[in-house]
**Student:** 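Here it is, the structure, as structure tokens.
Because the structure is predicted, anything quoted here is derived from the model rather than measured.
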Amino acid sequence: MGIDRPDDADLPSGNSGDRPSAPPNDGQQSAPSHAETRYREEYYSVALRTQEQRATTRARQEASPSDSWTETKNLAVWMWGEYHRRWPPEERPQPDRSTDPPGSWRSDSNRYLDSSTNAQIEAECDRIVEREQEKISPAMRDIESQDSTRHLVGFEHRRKDRDRIKEKVYDDIDLLGRSPREAISVLPDAIRYTFQYDEAHYTQGVLTDVMRIREQGFRLEKLKNSWSNDEYKGINSQWIEPSTGQRFELQFHTRISFEAKQITHSSYERLRSHQADAFEEMVLHAFQRTVATVVPIPPGAADIPNYPEREQSAR
């Protein structure tokens with residue numbers, strides 16, 4: 001079956017039998033006949049419509065990812081509102097801190113650290129701030145300055161909230177038997193950064209920046225490519241500053257994938273709390289899939305290899 005192309009569909013045929021016959025030429029310039037004038041007008045009108053159709057199609061193709069993303073963002077706002085109607089945050093059980101001793105810490109998910117352990121973690125957090133300010137952030141800013149096609153986003157949130165740090169440290173102490181200092185030393189994202197690229201420069205930009213970071217002396221510990229993940233799009237990498245052993249995270253995003261991450265972050269945190277029942281978890285996973293599905297994948301992004309290569313794509 002042939003393909004009906006827009007530029008062929010409605011144009012008059014080139015066959016002379018489809019055109020009005022030209023009058024005999026007596027050697028003088030004759031005025032075009034009424035039929036020939038009408039034919040030219042119709043032909044020109046069809047040509048204009050064809051060009052308009054082409055322009056409209058190109059505009060739709062170019063705007064499609066952005067339009068789809070705008071629609072999905074609006075849908076996500078509505079879905080999250082409905083989620084809160086079904087599971088109001090204010091109705092979640094709150095921890096009882098009334099008998100906790102001074103200096104201790106208890107999270108909303110009821111994780112608990114005694115005063116001594118909490119003080120050790122606070123001291124380690126202070127040291128993390130020093131390393132970030134003196135060594136890591138200046139290097140990240142220097143790397144940022146080497147390419148104007150991308151930039152650091154969310155830099156003001158580069159240090160993880162201390163309550164979130166303590167939750168993760170508690171899990172390591174409780175589940176793995178680590179000391180507080182050991183637990184915080186292996187925390188990969190107490191410091192975290194995000195480079196945001198436009199889609200056309202994403203893949204080459206990521207590969208180049210990985211080399212730049214290595215040239216700064218940082219050691220790549222892990223790189224997870226999640227562009228094929230159905231609930232999260234992007235690349236997360238973990239690095240070590242060798243002189244202090246301080247670990248930090250660097251994420252690689254496009255504008256849309258970063259916005260998607262921001263939209264689904266509360267859902268991710270709720271799932272990580274392990275306080276949701278099976279039905280709520282199902283709804284949260286469906287919400288994350290709805291948002292991630294329309295995130296455009298930059299050319300070649302899904303082919304950037306994990307490090308180590310066995311590493312599975314995950315958030």
**Student:** Cut-off 3.5 Å, side chains only: do Asp100 and Trp105 have a donor facing an acceptor?
**Tutor:**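 No, Trp105 and Asp100 have no side-chain donor paired with an acceptor closer than 3.5 Å.
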**Student:** Phe155 ring centre to Arg141 NZ or CZ under 6.0 Å, with the angle to the axis within 45°?
**Tutor:**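 Arg141 over Phe155 ring: yes.
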**Student:** Apply salt bridge (Lys or Arg N to Asp or Glu O under 4.0 Å) to Glu269 and Arg272, showing your working.
**Tutor:** CA-CA 5 Å; Glu269 289 288 340; Arg272 197 177 64 81; 3.2 Å; yes
**Student:** Are Ile191 and Val129 linked, directly or through other ILVMFWY residues, by side chains that come within less than 4.5 angstrom of each other?
**Tutor:**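 Shared cluster, no.
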**Student:** In plain terms, say whether Arg178 and Asp171 are close enough for a salt bridge, that is, a side-chain N and a carboxylate O under 4.0 Å apart.
**Tutor:**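 Here Arg178 does not pair with Asp171 in a salt bridge, since their nearest N and O are not under 4.0 Å apart.
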**Student:** Would you check if Leu113 and Lys166 make a side-chain contact, meaning some heavy-atom pair closer than 4.5 Å?
**Tutor:**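 Yes - at least one pair of side-chain heavy atoms lies under 4.5 Å apart.
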**Student:** Please round to the nearest 0.5 Å and tell me the distance separating atom CZ of Arg247 and atom CD of Glu221.
**Tutor:**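 Here the rounded value is 4.5 Å.
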**Student:** Do you know which of Lys222, Arg158, Lys168 makes salt bridge (Lys or Arg N to Asp or Glu O under 4.0 Å) with Asp189?
**Tutor:**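 Only match with Asp189 under salt bridge (Lys or Arg N to Asp or Glu O under 4.0 Å): Lys168.
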**Student:** What pair of heavy atoms forms the shortest contact from Ser68 to Val294, and how long is it?
**Tutor:**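 Distance-wise, the nearest heavy atoms are O-CG2, 4.4 Å.
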**Student:** Please tell me if the side chains of Ile304 and Val206 come closer than 4.5 Å, counting only heavy atoms from C-beta onward.
**Tutor:**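 The answer is yes; the side chains approach within 4.5 Å.
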**Student:** Between Glu241 and Arg219, is the closest basic N to carboxylate O distance under 4.0 Å?
**Tutor:**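 Salt bridge: no.
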**Student:** Would you compute the distance between atom SG of Cys125 and atom CD of Gln120 and round it to the nearest 0.5 angstrom?
**Tutor:**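 One gets 12.0 Å once the value is rounded to the nearest 0.5 Å.
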**Student:** Can you see whether Phe195 has Arg150 sitting over its ring - NZ or CZ less than 6.0 Å from the centre and within 45° of the normal?
**Tutor:**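 Pair Arg150/Phe195 counts as cation-pi.
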**Student:** Under the 3.5 angstrom rule, does the side chain of Asn236 hit a backbone N or O of Gln251 as a donor-acceptor pair?
**Tutor:**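 Pair absent, no side-chain N/O of Asn236 close to backbone of Gln251.
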**Student:** What pair of heavy atoms forms the shortest contact from Ala301 to Thr203, and how long is it?
**Tutor:**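 Between these two residues, the closest heavy atoms are N-OG1, 3.1 Å.
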**Student:** To the nearest 0.5 Å, how far apart are NE2 in His201 and OG in Ser148?
**Tutor:**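 Reported to 0.5 Å precision, the distance equals 9.0 Å.
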**Student:** In the hydrophobic clustering (ILVMFWY, side-chain contacts below 4.5 Å, transitive), which residues join Val153, or is it alone?
**Tutor:**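 Its cluster mates, by chain and number, are Phe258.
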**Student:** Any chance you could lay out the ring pair (Phe, Tyr, Trp, His ring centres under 6.0 Å) test for Tyr232 and His253, step after step, and finish with the verdict?
**Tutor:** CA-CA 11 Å; Tyr232 173 77; His253 280 287; 5.8 Å; yes
**Student:** Ile297 and Ala302: which non-hydrogen atoms are nearest, and at how many Å?
**Tutor:**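 Residues Ile297 and Ala302, closest heavy atoms: CG2-N, 4.4 Å.
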**Student:** Between CD of Glu134 and OG1 of Thr244, what distance do you get to the nearest 0.5 Å?
**Tutor:**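 Rounded to the nearest 0.5 Å, the CD-OG1 separation comes to 10.0 Å.
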**Student:** When hydrophobic residues are tied together by side-chain contacts of less than 4.5 Å, even through go-betweens, does Ile128 share a cluster with Ile240?
**Tutor:**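 Hydrophobic grouping puts Ile128 apart from Ile240.
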**Student:** Any luck finding a side-chain donor-acceptor pair between Arg111 and Ser109 under 3.5 Å?
**Tutor:**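 There is such a pair (donor and acceptor under 3.5 Å, judged by atom type) between the side chains of Arg111 and Ser109.
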**Student:** Are the side chain of Arg192 and the backbone N or O of His157 linked by a donor-acceptor pair below 3.5 Å?
**Tutor:**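 Yes; at least one donor-acceptor contact below 3.5 Å.
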**Student:** Look at the side chain of Ser104 and the backbone N and O of Pro101, then say whether any donor-acceptor pair between them is shorter than 3.5 Å.
**Tutor:**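 Yes, Ser104 side chain to Pro101 backbone: donor-acceptor pair under 3.5 Å.
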**Student:** If you measure only the distance, is there a donor-acceptor pair under 3.5 Å linking the side chains of Asp114 and Ser116?
**Tutor:**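 Side chains of Asp114 and Ser116: no pair found under 3.5 Å.
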**Student:** Do any N or O atoms from the side chain of Ser226 and from the backbone of Asn229 form a donor-acceptor pair under 3.5 angstrom?
**Tutor:**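 Flag not set: sc Ser226 to bb Asn229 has no pair under 3.5 Å.
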**Student:** Taking the side chain as C-beta and beyond, is there a heavy-atom pair between Ile173 and Thr117 under 4.5 Å?
**Tutor:**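 Side-chain contact under 4.5 Å: yes.
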**Student:** On the ring face of Tyr170, is Arg164 found with NZ or CZ under 6.0 Å from the centre and within 45° of the axis?
**Tutor:**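 Not flagged: Arg164 not positioned over aromatic ring of Tyr170.
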**Student:** May I ask you to decide whether Arg85 forms a salt bridge with Glu82, counting only side-chain N to carboxylate O separations under 4.0 Å?
**Tutor:**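 Answer for the salt bridge query: yes.
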**Student:** Please tell me if the side chains of Glu249 and Pro188 come closer than 4.5 Å, counting only heavy atoms from C-beta onward.
**Tutor:**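 They are not in contact (no side-chain heavy atoms under 4.5 Å apart), so the answer is no.
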**Student:** Does a side-chain heavy-atom distance below 4.5 Å link Val210 with Phe252?
**Tutor:**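 Heavy-atom side-chain distance check passes, below 4.5 Å.
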**Student:** So, the side chain of Tyr197 versus the backbone of Gln204: is there a donor-acceptor pair under 3.5 Å, distance only?
**Tutor:**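 Such a contact is absent between Tyr197 side chain and Gln204 backbone.
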**Student:** Do Leu207 and Ile235 sit in the same hydrophobic cluster, where Ile, Leu, Val, Met, Phe, Trp and Tyr count as joined when their side-chain heavy atoms come under 4.5 Å apart?
**Tutor:**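 Leu207 and Ile235: one cluster.
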**Student:** Going by atom types alone, do Glu144 and His151 pair a side-chain donor with an acceptor below 3.5 Å?
**Tutor:**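 Per modelled atom types, Glu144 and His151 side chains form no pair under 3.5 Å.
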**Student:** Restricting to non-hydrogen atoms, name the atom on Glu280 and the atom on Asp277 that form the minimum distance, rounded to 0.1 Å.
**Tutor:**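 Nearest heavy atoms, Glu280 then Asp277: N-OD1, 2.8 Å.
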**Student:** Quick one, Leu75 and Thr290 - any side-chain contact, counting heavy atoms below 4.5 Å?
**Tutor:**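 Of all side-chain heavy-atom pairs linking Thr290 with Leu75, at least one is under 4.5 Å.
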**Student:** Considering the options Arg127, Arg159, Gln246, which one meets the side-chain hydrogen bond (donor to acceptor under 3.5 Å, both in side chains) requirement together with Glu132?
**Tutor:**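 Running side-chain hydrogen bond (donor to acceptor under 3.5 Å, both in side chains) over Arg127, Arg159, Gln246 with Glu132 returns exactly one hit, Arg159.
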**Student:** Looking at Gln133, is its backbone amide N or carbonyl O close enough to the side chain of Ser137 to form a donor-acceptor pair, meaning the two atoms are under 3.5 Å apart?
**Tutor:**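 A pair under 3.5 Å: no.
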**Student:** Taking it one step at a time, do Asp209 and Ile143 satisfy side chain to side chain contact (heavy atoms under 4.5 Å, CB included)?
**Tutor:** CA-CA 8 Å; Asp209 279 335; Ile143 293 167; 4.0 Å; yes
**Student:** Can you tell me if Arg92 has over 12 outside heavy atoms packed within less than 6.0 Å of its CZ?
**Tutor:**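 Yes, enclosed.
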**Student:** How about Arg181: does its CZ atom have over 12 heavy atoms from other parts shown lying under 6.0 Å from it?
**Tutor:**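 Not buried by this count: 12 neighbours or fewer within 6.0 Å.
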**Student:** Trp80 vs Tyr83 aromatic rings, parallel, tilted or perpendicular, using cut-offs 30° and 60°?
**Tutor:**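 Rings of Trp80 and Tyr83: parallel, as their planes differ by under 30°.
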**Student:** Heavy atoms only: give me the nearest Asp108-Gln94 pair and the separation to one decimal.
**Tutor:**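 Minimum heavy-atom contact is OD1-OE1, 4.3 Å.
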**Student:** Grab the two heavy atoms, one from Ile263 and one from Val291, that are nearest each other, plus how far apart they are.
**Tutor:**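 Shortest heavy-atom contact: CG2-CG2, 4.2 Å.
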**Student:** Is there a donor in the side chain of Thr264 and an acceptor in the side chain of Gln288, or the other way round, less than 3.5 Å apart?
**Tutor:**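 Judged by distance alone, the side chains do not pair up.
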**Student:** State whether the number of non-hydrogen atoms from other residues, nucleotides or ligands found under 6.0 Å of Lys160 atom NZ is greater than 12.
**Tutor:**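 Yes.
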**Student:** With heavy-atom distances below 4.5 Å as the criterion, would you say the side chains of Ser257 and Trp227 are in contact?
**Tutor:**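 A side-chain contact under 4.5 Å exists here.
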**Student:** Within the 3.5 Å criterion, strictly below it, is a donor on Trp239 or Ser237 matched to an acceptor on the partner's side chain?
**Tutor:**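 Indeed, the side chains of Trp239 and Ser237 share at least one donor-acceptor pair under 3.5 Å.
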**Student:** Please check: side-chain N/O of Ser115 versus main-chain N/O of Pro102, any donor-acceptor pairing under 3.5 Å?
**Tutor:**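 Looks like yes, one N/O pair under 3.5 Å.
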**Student:** Enter the distance from Gln238:CD to Leu223:CG here, rounded to the nearest 0.5 Å.
**Tutor:**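 That separation rounds to 9.5 Å.
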**Student:** Would you call the rings of Phe218 and Phe248 parallel, tilted or perpendicular, taking 30° and 60° as the class edges?
**Tutor:**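 Aromatic pair Phe218/Phe248 classed perpendicular.
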**Student:** Any Lys/Arg nitrogen of Arg162 or Asp126 sitting under 4.0 Å from an Asp/Glu carboxylate oxygen of the other?
**Tutor:**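 Between Asp126 and Arg162 there is a salt bridge, with a charged N closer than 4.0 Å to a carboxylate O.
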**Student:** Do Asn74 and Trp78 make a side-chain contact, defined as non-hydrogen atoms from C-beta onward lying under 4.5 Å apart?
**Tutor:**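 They are not in contact (no side-chain heavy atoms under 4.5 Å apart), so the answer is no.
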**Student:** Charged N to carboxylate O under 4.0 angstrom, Glu281 versus Arg270?
**Tutor:**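 Here Glu281 does not pair with Arg270 in a salt bridge, since their nearest N and O are not under 4.0 Å apart.
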**Student:** Looking at Phe279 versus Trp87, is the centre-to-centre ring distance below 6.0 Å?
**Tutor:**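 Yes - the distance between ring centres of Phe279 and Trp87 falls below the 6.0 Å cut-off.
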